[in-house]
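Values in this document were obtained by computation on a predicted structure and should not be read as measured data. Labels below follow one simple rule: chain letters A, B, ... track the order of the sequence lines, proteins then strands, and each chain is numbered from 1.
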Protein chains: 2
Amino acid sequence: MTAPDLLSLKESKVDVLIVGAGPAGYMAALWLARLGVSTRFIDKRSTRIFTGQADGLQPRVLEVFESFGFADRALKEVAVGFEACFYEPDEKGRIRRVDKHPEGVPGMSRFNGSVCHQGRIETWLSDAIAEFSGGAIRVERALLPEALDINDGTDAEHPVRVVLRKLPDDNAEPEQYGHKVQNGLYRQFDGDQNQQNGVNGATEDLEVVRAKYVLGCDGAHSWVRQQLGIEHKGETTDFVWGVLDIVPVTDLPDIRKRCAIHSQNDGTVMVIPRENGLVRLYIQLREVDHHEAAGDNTLPNGGAKKRVDRSKISADHILATAKKIFYPYSLESAETHWFTAYQIGQRVATAFHKDNRVFIAGDACHTHSPKAGQGMNVSMMDTFNLAWKVAYVVKGLADPSILATYETERKAVAEDLIAFDQKLSRLYSSKPGEISMEEFRSVFDKGAAFTTGCTVNYDASLLVDKPADKLRDEPYCSPLATKLAIGMRFPDSRLIMQCDARPWFLNQQLPSTGQFRLLVFVGDYAQNPALGEQMNGVGEFLARPENDLSEAVLQKMLVHASPQDKAEWDDFPLVFRPRDKRGVMNYWLIFADTPSLHDAKAGDAYETYGIRKDVGAAVLLRPDGYVAKVTEPTVDRIKDMFGFLARFLVGLKPSA
Amino acid sequence: MTAPDLLSLKESKVDVLIVGAGPAGYMAALWLARLGVSTRFIDKRSTRIFTGQADGLQPRVLEVFESFGFADRALKEVAVGFEACFYEPDEKGRIRRVDKHPEGVPGMSRFNGSVCHQGRIETWLSDAIAEFSGGAIRVERALLPEALDINDGTDAEHPVRVVLRKLPDDNAEPEQYGHKVQNGLYRQFDGDQNQQNGVNGATEDLEVVRAKYVLGCDGAHSWVRQQLGIEHKGETTDFVWGVLDIVPVTDLPDIRKRCAIHSQNDGTVMVIPRENGLVRLYIQLREVDHHEAAGDNTLPNGGAKKRVDRSKISADHILATAKKIFYPYSLESAETHWFTAYQIGQRVATAFHKDNRVFIAGDACHTHSPKAGQGMNVSMMDTFNLAWKVAYVVKGLADPSILATYETERKAVAEDLIAFDQKLSRLYSSKPGEISMEEFRSVFDKGAAFTTGCTVNYDASLLVDKPADKLRDEPYCSPLATKLAIGMRFPDSRLIMQCDARPWFLNQQLPSTGQFRLLVFVGDYAQNPALGEQMNGVGEFLARPENDLSEAVLQKMLVHASPQDKAEWDDFPLVFRPRDKRGVMNYWLIFADTPSLHDAKAGDAYETYGIRKDVGAAVLLRPDGYVAKVTEPTVDRIKDMFGFLARFLVGLKPSA
């Protein structure tokens with residue numbers, strides 16, 4: 001499009017433009033809505049999705065949902081995995097259960113891996129976005145981006161220019177069933193008809209948006225990624241799998257547990273119990289036609305692989321294969337809700353951003369097999385990592401240099417994910433005999449921790465203070481908090497609110513508000529006068545005007561370990577029980593890791609984090625709940641913490 | 001109104017008419033919506049309430065909210081009481097904390113006594129009513145009942161005729177602040193202006209409703225009660241209390257705990273922490289003017305008492321009194337949300353129904369001091385007791401004789417409540433010196449169990465099978481389930497779902513669906529062959545066509561106590577894992593009281609109920625969750641259970 005053309009178009013400005021309303025886009029919009037950032041959120045499709053697609057919710061994502069206040073909605077609807085059963089053939093080739101393992105990692109999180117249809121998940125996100133933004137942020141459909149450039153020199157404040165086209169609704173209606181599905185996880189092997197073929201180009205349907213930042217959350221075939229010239233590197237395998245969402249009629253006794261079923265000669269089925277009596281089956285399809293890939297410009301290095309002809313795969317075909325594998329158990333479908341077929345491909349984008357102005361996230365950055373239930377989760381966690389950083393920069397609270405941590409943190413996760421997926425896919429696609437079934441179960445167990453999403457470990461950076469040589473496969477803890485890994489998500493613990501003795505899980509009091517949090521574990525100050533003096537010194541230090549960061553940026557909390565009958569409200573420094581202009585006190589920042597009159601086992605925070613009650617610790621959490629830094633709870637060391645914050649927070653001048 | 005007048009009016013029929021949209025009315029509408037009963041729900045006021053009023057939610061009511069699916073909404077908003085502090089004067093007359101007790105009874109319920117503004121509570125109920133009824137049942141405002149008669153002989157199916165008048169909205173707008181408040185708890189000493197004065201009587205504003213049943217949930221001045229000629233018996237005391245909802249500015253260290261503060265000479269304050277930083281103060285007012293009661297026809301025997309002149313009591317006056325009592329602690333108000341004053345009166349209606357066709361519930365049956373936080377709760381529990389019985393009769397599922405249990409069960413509760421309130425009010429209104437403060441705390445502790453609402457114990461009746469000489473103050477348990485009192489609500493326990501090993505609290509799987517439930521605790525059948533045979537016999541018996549009660553009336557569940565690695569899905573009788581017409585199995589009726597792979601402490605059901613794992617028990621629960629009958633889990637004894645059900649369920653012919 002030429003410059004004179006553009007001049008005639010209607011034009012608007014926005015802080016952030018999100019392209020694509022899938023899981024990554026919704027999570028970005030949720031954070032930006034929560035933090036009050038001016039945002040537009042567009043999608044080229046005219047409707048939401050109703051069936052099929054991704055369905056796995058890892059514990060970490062449920063923790064994040066809780067931090068935004070809607071995990072309870074999820075828990076009412078999801079199916080939760082607590083056990084995994086392994087079926088293998090006996091000497092007559094009849095499958096039978098040979099083992100039973102816990103699903104996930106007991107005790108890792110208050111949540112367990114859960115399953116629910118993507119459409120419902122997007123509804124919870126969408127409702128929360130509407131609530132936080134007062135209705136201001138919602139998906140605008142059907143808007144197709146047609147051009148994108150950065151720094152054309154006309155608007156330094158809003159350097160990204162995107163041209164959008166309003167599509168007629170009937171042109172943007174997706175097929176939601178079977179092999180014609182165009183959206184979501186399984187779109188990766190389809191061309192993108194709307195964008196490939198173009199639509200009639202009336203300029204009255206065009207508009208120009210000038211944005212400070214653009215987030216490309218537009219899926220495996222990402223148009224944004226293509227505009228940035230970023231490669232999507234990796235390969236497509238020959239393995240072909242069918243997916244079937246059915247209400248089953250079966251006598252398999254473990255149909256409501258996750259099952260990995262290896263048959264002797266007919267392939268493998270994975271059983272994932274779903275909400276509302278549904279079950280998802282992943283079924284290896286051994287006998288399908290492959291043909292040469294043709295003209296898929298999103299697979300630059302995949303041309304050598306043959307592509308499966310998905311048009312020849314029907315729900316009946318997939319079910320028939322599953323029935324063979326189930327033998328001697330019966331399997332029929334009372335209702336078939338959705339099906340598709342996919343060929344396993346594993347790719348990671350070579351970069352996750354351009355100029356730290358335009359970012360890509362989710363499937364646009366990484367595609368892989370859906371079997372570990374990771375895709376939707378990692379996509380949401382991408383923008384959960386990114387959007388608060390963008391918000392801080394947009395609001396002038398942080399230096400733009402923090403944006404570089406998005407790629408370093410999330411590219412590592414994507415690479416780990418692809419490596420895990422390659423291993424798992426190979427095992428699932430192997431026959432008994434080709435691999436040892438013990439090996440299969442061992443990989444499954446090792447993967448259990450990974451698939452919770454709770455083991456992500458960010459490297460040392462501007463936002464994570466730990467020795468630079470500590471690699472992500474070995475969690476690093478300060479000796480002050482020997483079970484609290486720096487760079488990892490803050491694990492949960494139980495304690496009581498000091499003011500009213502109400503028991504809480506600590507993370508329930510750390511919602512996603514955009515605040516950094518300084519948790520001062522002051523120890524058992526009431527029985528240790530030196531700790532009491534130390535606590536008062538820290539309180540005095542934090543109250544100094546030069547350290548009095550806005551409450552919106554840094555929330556200061558105190559966790560003590562003194563017995564309930566020794567600790568009095570007036571013991572605590574006023575900075576942890578501040579009053580507003582009217583004199584009304586904030587009572588909700590002081591916690592006791594101590595038994596209550598109601599529950600002798602109420603507190604386990606110091607133990608959970610490996611903090612000594614006679615030493616204490618100061619812990620700094622990022623707005624996304626990852627541990628940024630751990631120090632001693634002394635004035636000097638908390639001064640260091642402010643020095644750390646001053647490296648990226650704007651206007652903070654820590655005392656020398 | 002004469003018969004010819006009525007003939008010209010528009011007329012309609014309905015199964016149930018609920019008069020009055022307060023807590024009792026909302027709970028009745030909720031049950032009837034859940035059970036699909038044709039219902040109209042009217043209120044004479046034109047708007048809902050927004051501030052003040054009742055605020056206490058007992059654990060039992062939160063359990064009921066959970067059974068309807070919205071306890072999670074409550075838990076996000078309420079303030080929860082975990083500790084009660086007692087303040088008394090020292091020798092210089094300065095108050096100081098002398099003791100701290102747990103609030104409520106630790107371990108009695110998963111919920112603790114909570115506090116939230118009545119308007120929010122009605123919103124949760126209202127939303128659930130809309131959802132269950134698909135929008136069909138909602139409050140119709142402003143409709144004033146003008147005439148009621150039973151059995152005029154014109155419609156035997158719908159024997160109650162009520163004439164309703166549509167009020168102009170501006171005539172029905174309530175004052176919601178201060179001493180002019182017309183609605184809710186504190187209305188009991190006001191006349192009812194709209195109804196006293198009447199409105200202009202245009203017949204086009206009138207309609208006739210013919211109902212099978214009418215529920216009068218219209219408050220302390222109940223018009224329905226007056227129509228039925230039922231007395232409201234009891235008396236008004238001289239004690240006058242003020243109520244103040246404020247955001248406090250104070251240095252009282254326990255302001256976020258419940259406090260009972262007795263001052264030396266200035267009276268008593270009760271502190272109730274509320275949602276959103278609010279605190280409710282109940283303040284004894286010693287110096288107020290009393291005058292002769294005049295023309296209050298709802299207080300037939302209260303004429304001898306002097307009435308306080310509420311118009312002379314302001315928020316400032318109440319706060320000033322509270323400040324004196326707080327000395328030496330400071331107290332100011334940053335925001336005053338509501339205030340009122342009341343004179344303690346205690347009354348119980350002499351009957352709760354007329355002809356078991358028109359019922360009264362809630363404040364219409366019992367009024368008392370609000371200090372124990374019971375009024376709204378007992379009102380809701382009245383109609384939670386009543387409405388399912390009405391629904392069973394309306395639907396032709398049960399004999400109308402069950403309706404008589406409403407009065408016997410709930411009048412006993414009302415009488416216990418008044419007795420408790422009289423004792424508590426006297427203590428609160430006494431000076432230190434007049435009573436011993438130890439006595440005060442002892443009554444407070446004894447009342448703690450009562451105020452949870454979990455100790456209500458219904459007498460033997462058509463719906464409760466226990467020896468008739470067992471009185472309600474001594475819980476009666478079968479030797480088969482030594483901790484499960486018959487006639488009391490079913491306590492909670494932890495177990496896992498057999499099919500998928502998901503942990504649950506058992507009550508989470510017993511929602512209010514209108515079903516009776518037969519829980520067969522089969523014991524450790526896998527390690528005890530005799531129990532296995534017994535289980536199979538019971539399964540065979542329950543599957544017989546003559547015992548195959550509709551699933552909507554009787555849900556059959558099984559709880560076993562065999563180790564997880566010994567119990568297999570196919571062990572269980574098919575009646576507990578039934579298939580629908582399509583062959584789809586119901587997987588959700590079998591539970592294991594056993595450790596899971598995730599949690600070694602998962603199961604405690606047998607222990608909680610005092611059931612032996614080598615004997616078992618069969619437990620019958622009513623639709624409202626009260627234990628109806630306990631027997632051995634044998635064919636003969638379960639036959640008895642069907643005999644018990646046949647006394648009131650229509651069309652059940654148990655085998656001889």
Of B:Cys499, B:Gly81, B:Ser596, the largest count of non-hydrogen pairs under 4.5 angstrom with chain A goes to B:Cys499

Whatever's closer than 4.5 Å to a heavy atom in chain A on B:Asn112 counts as side chain

*Can you tell me if CD on A:Glu551 sees more than 12 non-hydrogen neighbours from other groups inside 6.0 Å?*
yes

Comparing A:Gly104, A:Pro503, A:Pro273, A:Gly107 against chain B, the one with the most heavy-atom pairs below 4.5 Å turns out to be A:Pro503

If one checks every heavy atom of B:Arg579 against chain A at 4.5 Å, the contacting part turns out to be side chain

Highest number of heavy-atom pairs under 4.5 Å with chain B among A:Ala79, A:Gly277, A:Ala334, A:Cys85 belongs to A:Ala334

For B:Arg96, the side chain to side chain donor-acceptor pair (under 3.5 Å) test, sequence neighbours excluded, returns none

Counting heavy-atom pairs under 4.5 angstrom with chain A, the leader among B:His101, B:Arg73, B:Arg256 is B:Arg256

CD of A:Glu83 to CD1 of B:Ile496, rounded to nearest 0.5 Å, is 6.5 Å

Rounded to the nearest 0.5 Å, the CD atom of B:Gln564 sits from the NZ atom of A:Lys100 at a distance of 4.0 Å

One should read off an interatomic distance between B:Gln508 CD and A:Lys76 NZ, to the nearest 0.5 angstrom, of 11.0 Å

Comparing A:Val105, A:Asp570, A:Asp72 against chain B, the one with the most heavy-atom pairs below 4.5 Å turns out to be A:Asp72

| said: Could you check whether any side-chain N or O of B:His598 sits under 3.5 Å from a backbone N or O of A:Glu103, counting only pairs where one atom can act as donor and the other as acceptor? | reply: yes

d(B:Leu597 CG, A:Phe82 CZ) to nearest 0.5 Å is 11.0 Å

*asked:* Within the 4.5 Å heavy-atom criterion, are B:Arg582 and A:Glu335 side-chain neighbours or not?
replied: yes

Side chain to side chain donor-acceptor pair (under 3.5 Å) pairs touching residues 491-502 of chain A, sequence neighbours excluded, are A:Arg110-A:Asp492, A:Ser493-A:Tyr609, A:Arg494-A:Asp599, A:Gln498-A:His560

Go through the steps for A:Ile255 and B:Met585 under the test side-chain contact (heavy atoms from CB on, under 4.5 Å), then give the verdict. CA-CA 10 Å; A:Ile255 191 71; B:Met585 193 172 266; over 6 Å; no

